[in-house]
Protein chains: 4
Amino acid sequence: MPRHKETERDKVMGKTRLLLLEAATDEFASEGYNGANINRISKAAGFAKGTIYNYFSSKRALMLALIDLIAASHHRYMVERVRQEEDPIRRLQRFFEAGLEWIVHNLSQGRVMLTMLNGPDAEFKLRMWQGYQPMHQLLIAEILVPGMELGLFRQLDPVATAGLLMTLYLGIGSTVSDEGRSQLAPEWIAGFVLEGLRQGAG
Amino acid sequence: MPRHKETERDKVMGKTRLLLLEAATDEFASEGYNGANINRISKAAGFAKGTIYNYFSSKRALMLALIDLIAASHHRYMVERVRQEEDPIRRLQRFFEAGLEWIVHNLSQGRVMLTMLNGPDAEFKLRMWQGYQPMHQLLIAEILVPGMELGLFRQLDPVATAGLLMTLYLGIGSTVSDEGRSQLAPEWIAGFVLEGLRQGAG
Amino acid sequence: MPRHKETERDKVMGKTRLLLLEAATDEFASEGYNGANINRISKAAGFAKGTIYNYFSSKRALMLALIDLIAASHHRYMVERVRQEEDPIRRLQRFFEAGLEWIVHNLSQGRVMLTMLNGPDAEFKLRMWQGYQPMHQLLIAEILVPGMELGLFRQLDPVATAGLLMTLYLGIGSTVSDEGRSQLAPEWIAGFVLEGLRQGAG
Amino acid sequence: MPRHKETERDKVMGKTRLLLLEAATDEFASEGYNGANINRISKAAGFAKGTIYNYFSSKRALMLALIDLIAASHHRYMVERVRQEEDPIRRLQRFFEAGLEWIVHNLSQGRVMLTMLNGPDAEFKLRMWQGYQPMHQLLIAEILVPGMELGLFRQLDPVATAGLLMTLYLGIGSTVSDEGRSQLAPEWIAGFVLEGLRQGAG
DNA sequence: TATGAATGAGAGTTCATTCAT
DNA sequence: AATGAATGAACTCTCATTCAT
C-alpha cells in the first residue's frame with residue numbers, strides 16, 4: 001500500500017470535496033435547504049450529478065458537513081483577529097468589526113449560517129449552535145472574563161452576556177444586504193455595547 | 001345591513017380563511033416555506049386539499065397573506081402594551097417584555113417571522129420588513145424621541161437606534177426555545193440597553 | 001298548474017340555456033374541449049358556476065348540446081341561402097359563398113365544428129357528422145342530382161361527390177384566420193370545382 | 001470515433017427519445033393534447049414517469065418536437081414517392097396516392113397532424129403549418145409550375161392552387177377512418193382535380 | 001332557480017437518489 | 001472516481017361536480 005498514492009488520492013478527494021462544498025454554499029445560501037438542488041451543486045462545481053454522492057451520502061449529510069465547515073472557518077477568522085489585540089475593550093471592538101468583515105467577505109457562508117440558526121430544521125440548528133460554541137468561549141474566556149478581572153467591565157453573568165453579544169452580532173449580521181452593506185456600523189454597535197458593559201454603570 | 005359588504009368582508013376575513021391561515025402558520029413554522037405541504041395545511045384546517053385554493057391563489061400568495069397577518073397582529077399587540085405606560089424608560093422595558101411575551105404566546109407566528117426575515121427568499125424578507133415598519137415607528141416616535149426630549153436618553157440617531165433595538169429584539173426572539181423559554185430575561189436585556197441609552201453616558 | 005307560469009319559466013329556461021351555450025361556444029372554440037373551463041363558461045354567461053348544472057348534466061352533455069345547436073344553425077343558414085338560387089351551378093357557387101360567410105360570421109361556432117370533426121373524441125366526431133348529414137343531403141338532392149339531371153354536371157357518384165365537396169368546404173373553412181379572413185376566395189374555389197364537375201370533362 | 005459527438009447525437013435522436021416520441025404519437029392521437037397524459041406516455045414507452053422529463057422539458061415541448069418530427073417524416077415520404085415520376089400529371093396522382101398511403105400507414109401521426117392543424121392552440125397550429133411549408137414547395141416547384149410550363153395545366157396562381165390542393169388533401173386525410181380506410185379513392189380525387197387544372201378548361 | 005363553498009381525483013413537474021458503465 | 005440515464009415519491013395546482021342554502 002504505497003503511502004504516496006494514498007496522499008495523492010486524499011489530496012484529490014479533498015479538492016473535489018471542497019469544490020462541492022463551495023458550490024453547495026452558494027446554492028444553499030440563495031435557495032435555502034429545501035429549495036437547493038443537489039444536481040445544480042454538482043454541476044456548478046464542475047462535476048456530473050452523480051459525483052456528489054461519492055463524497056456525501058445525502059443532501060442532509062452535505063449540509064451538515066457544510067455547517068461544520070462554516071462554523072470552523074468563521075471561528076478561525078475571529079480568533080485570529082481578536083487575539084491581535086490585548087485589551088478586552090479593543091478585543092470587543094475587534095469582535096464586532098471582524099464579525100461584520102467576515103460576513104461581508106463570506107456572504108454566502110454568512111447567509112447559510114443565519115438561515116440555519118433561524119430556520120425550522122432542529123438538527124441543523126443544533127449543529128450550527130454547537131459549531132458556534134467555540135465563539136461563545138472566545139467571548140467569555142478571552143474578552144468578558146479578562147475585562148471583568150481588569151475592572152473594565154462590571155460584574156455580569158459571563159454566559160448570559162456572551163449570549164446577548166452573540167445574539168446581537170448575529171442580528172446585525174442578518175441586516176447585511178446582498179451587496180454586503182450593513183445598516184449598522186460596527187464601531188457604533190461596539191460603543192453602544194461598551195456603555196452597557198462598563199464599570200460604574202447600573 | 002348591506003348583504004354585499006358582509007360578503008366582501010367574509011371573503012377577506014372569513015372563518016375558513018382564518019382557519020387556513022392558522023394551520024398555515026403551524027406548517028410554515030415547523031417546515032419552512034419550501035418544506036411546507038399545502039395539502040397538509042388544508043387538511044389540518046379541517047378541509048379537503050383543494051379548498052385552500054378557493055382562498056389563496058398559490059402557496060406563495062398564502063405565505064404573503066400570512067406575513068401581513070403576523071406583522072399586523074404583532075404590531076397591534078405591541079402598541080397596546082407599550083402605550084399602557086407613559087414613561088419612555090418604562091415603555092422600553094415594556095417593549096422587550098411584551099415582545100418576548102408575544103413570541104412565547106405565538107411561537108409559530110414568531111418562528112415564521114424569524115424564518116422569513118433570515119431566509120433566502122427576497123420577496124418574503126422584504127414583505128416582512130415592510131410589515132414591521134410600524135414597529136420601528138413605534139420605537140422611534142413613542143419611545144426614543146420622547147425619551148431624548150425628556151433628557152432620559154442621550155442624543156442618538158433615532159432611526160439607527162431603533163434598528164439596533166429591533167435587531168436585538170429579533171435576535172433574542174430567535175433564542176426562544178420550542179417550548180417557549182428564552183435564555184435571556186427581558187428585564188435583564190432592557191437594563192443592559194438602558195445603560196447604553198442613558199443620559200450622561202459616552 | 002297555471003299555463004302562463006309554465007311558459008314564462010320555459011322562456012327564462014330557454015334564455016339562460018342559450019346564454020350558456022353562447023358562452024360555451026367561445027370557450028370551447030378558444031380552448032378546445034379538454035381545455036375548456038366550465039366555471040368560466042358559467043361566469044361568462046353571467047351566472048355562478050353551479051348554474052350550468054341546472055341546464056346540462058355534465059361538461060360532455062353541454063358539448064353534445066352545442067354540437068347539435070351548431071349543426072342545426074349552420075344547416076338552416078345554408079338552406080336559406082342556397083334555395084335563393086334555382087340553377088344548380090349558381091347553387092353550388094352559393095354553397096361555397098354562404099359556407100364561407102357563415103364561418104366568417106360565426107367564427108367560434110365554426111372553430112368548434114372543425115375541432116370536433118378533426119379531434120380525437122369519437123363521440124363528438126360522430127355526433128357532429130350526424131348533425132351535418134342534412135348538409136350532405138342538401139348538396140346531393142338540391143344541387144348535384146338536379147345538376148346532373150339538367151346535364152350541367154357529368155354523371156358522378158353523388159354521394160362520393162358530396163363527400164368531396166363537403167371535405168373541400170371544411171378544409172377551406174379551417175383556413176379561415178382568427179380575424180375571419182380566408183386565403184382562398186369562394187368564387188375561385190367554386191370555379192375550380194365547377195371545372196371538375198362540368199359536362200364534357202373527363 | 002469521437003465519443004462526444006456520439007453522445008450529442010444520442011441526445012438529439014437517441015433510442016429512448018424515439019421510443020418516447022412514438023408513445024407520445026399514439027397518446028396525442030387518441031386523446032388530443034390536453035387529454036394526453038404524460039405519465040402514460042412514459043409508461044407506454046417502457047419507462048418510469050419521470051424519465052420523459054430527461055428528454056423533453058415539458059409536455060408542450062414534447063408536442064412541438066413531435067410536430068417537427070411528423071412534418072419532416074411526412075415530407076420525406078412524399079418527396080421520395082413523388083420524385084419517382086417525371087410527368088407532372090403522374091406526380092399529382094402520386095401526391096394524392098402517397099399522401100393517403102402515408103396517412104393509412106401512419107394513422108396516429110396523421111391524426112396528430114390533423115388535430116393540431118384544426119385545433120385551438122395557435123402555437124401548435126403555426127408550428128405544424130411551418131413544418132408543412134416544404135410540402136407546399138413540393139407542390140409548387142415540382143408539380144404545378146412544371147405542369148404549367150409544359151402546357152399540361154392552365155395558368156393558375158401556383159401558391160393559391162397549392163393551398164387548395166393541400167387543403168383538399170388534408171380534408172381527405174381527415175376522412176380516413178380509425179381502421180385506415182378512406183371514403184374517397186385517391187385516383188378519383190386526382191382525376192377530379194386534374195379536370196380543374198387541365199389546359200383548355202375555364 | 002341560482003348560488004358558491006367545498007370536494008378530491010388527477011395532472012404536470014421536480015429532484016434526491018441509485019447504479020451500471 | 002466519475003458519469004448521467006433512469007427512477008418514483010412527492011408536491012403544487014386545476015377543475016368538474018355536488019349540495020346545502
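Residue numbers start from 1 in every chain, and the chains themselves are labelled A, B, ... in the order their sequence lines are given, proteins ahead of strands. Because the structure is a prediction, the values reported are computed rather than measured.
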Practice prompt. Could you tell me whether B/K59 contacts a base, only the sugar-phosphate backbone, or nothing, with contacts defined as non-hydrogen atoms closer than 4.0 Å?
Written response: sugar-phosphate
Practice prompt. Fit a plane to each ring of A/F124 and A/Y33, take the angle between them on a 0 to 90° scale, and name the class: parallel (under 30°), tilted (30 to 60°) or perpendicular (over 60°).
Written response: perpendicular
Worksheet item: Are OP1 or OP2 of F/dT17 and a side-chain N or O of C/Y53 less than 4.0 angstrom apart?
Response: yes
Worksheet, complete the sentence: Whole-Å distance, C/N34 CG to F/dT14 C1', equals 13 Å
Item to complete: Between F/dA6, F/dT12, E/dA16, spot the one nearest the side chain of D/Y55, thanks.
Response: F/dA6
Discussion item. Measuring from the side chain of C/T51 (C-beta onward, heavy atoms only), which nucleotide among E/dT13, E/dT3, F/dT12 has the closest atom?
Written reply: E/dT3
Worksheet item: Base, sugar-phosphate alone, or nothing: which one does B/A36 contact when heavy atoms must sit under 4.0 Å apart?
Response: sugar-phosphate
Worksheet entry | Interatomic distance, C/K43 NZ vs E/dT3 P [rounded to whole Å] | 10 Å
Worksheet item: Using purine N1 to pyrimidine N3 plus N6-O4 or O6-N4 for Watson-Crick, or N1-O2 and O6-N3 for G-U wobble, both under 3.5 Å, which nucleotide pairs with F/dA1?
Response: none
Worksheet entry | Rounded distance (Å) that lies between atom C1' of E/dA11 and atom CD of D/E31 | 13 Å
Item to complete: Rounded to the nearest angstrom, tell me the gap between atom CZ in A/F56 and atom C1' in F/dA2.
Response: 15 Å
Item to complete: Send over the distance from D/R60 CZ to E/dT13 C1', rounded to a whole Å.
Response: 15 Å
Worksheet item: Quick one: is B/T16 getting a side-chain N or O under 4.0 Å of the E/dA5 phosphate, OP1 or OP2?
Response: no
Fill in: B/N39 CG - E/dA11 P separation (whole Å)
16 Å
Worksheet item: OP1, OP2 of E/dT1 versus side-chain N and O of C/N54: anything below 4.0 Å?
Response: no
Worksheet item: Picking from F/dA6, F/dA2, E/dA2, which would you name as closest to the side chain of A/F47?
Response: F/dA2
Item to complete: Kindly point out which of F/dA6, E/dT13, F/dT12 is positioned nearest to the side chain of B/K49?
Response: F/dT12
Discussion item. Quick check on F/dT12: is either OP1 or OP2 less than 4.0 Å from any side-chain nitrogen or oxygen of B/N37?
Written reply: yes
Fill in: Base partner of E/dG12, which must satisfy Watson-Crick or wobble distances under 3.5 Å
F/dC11
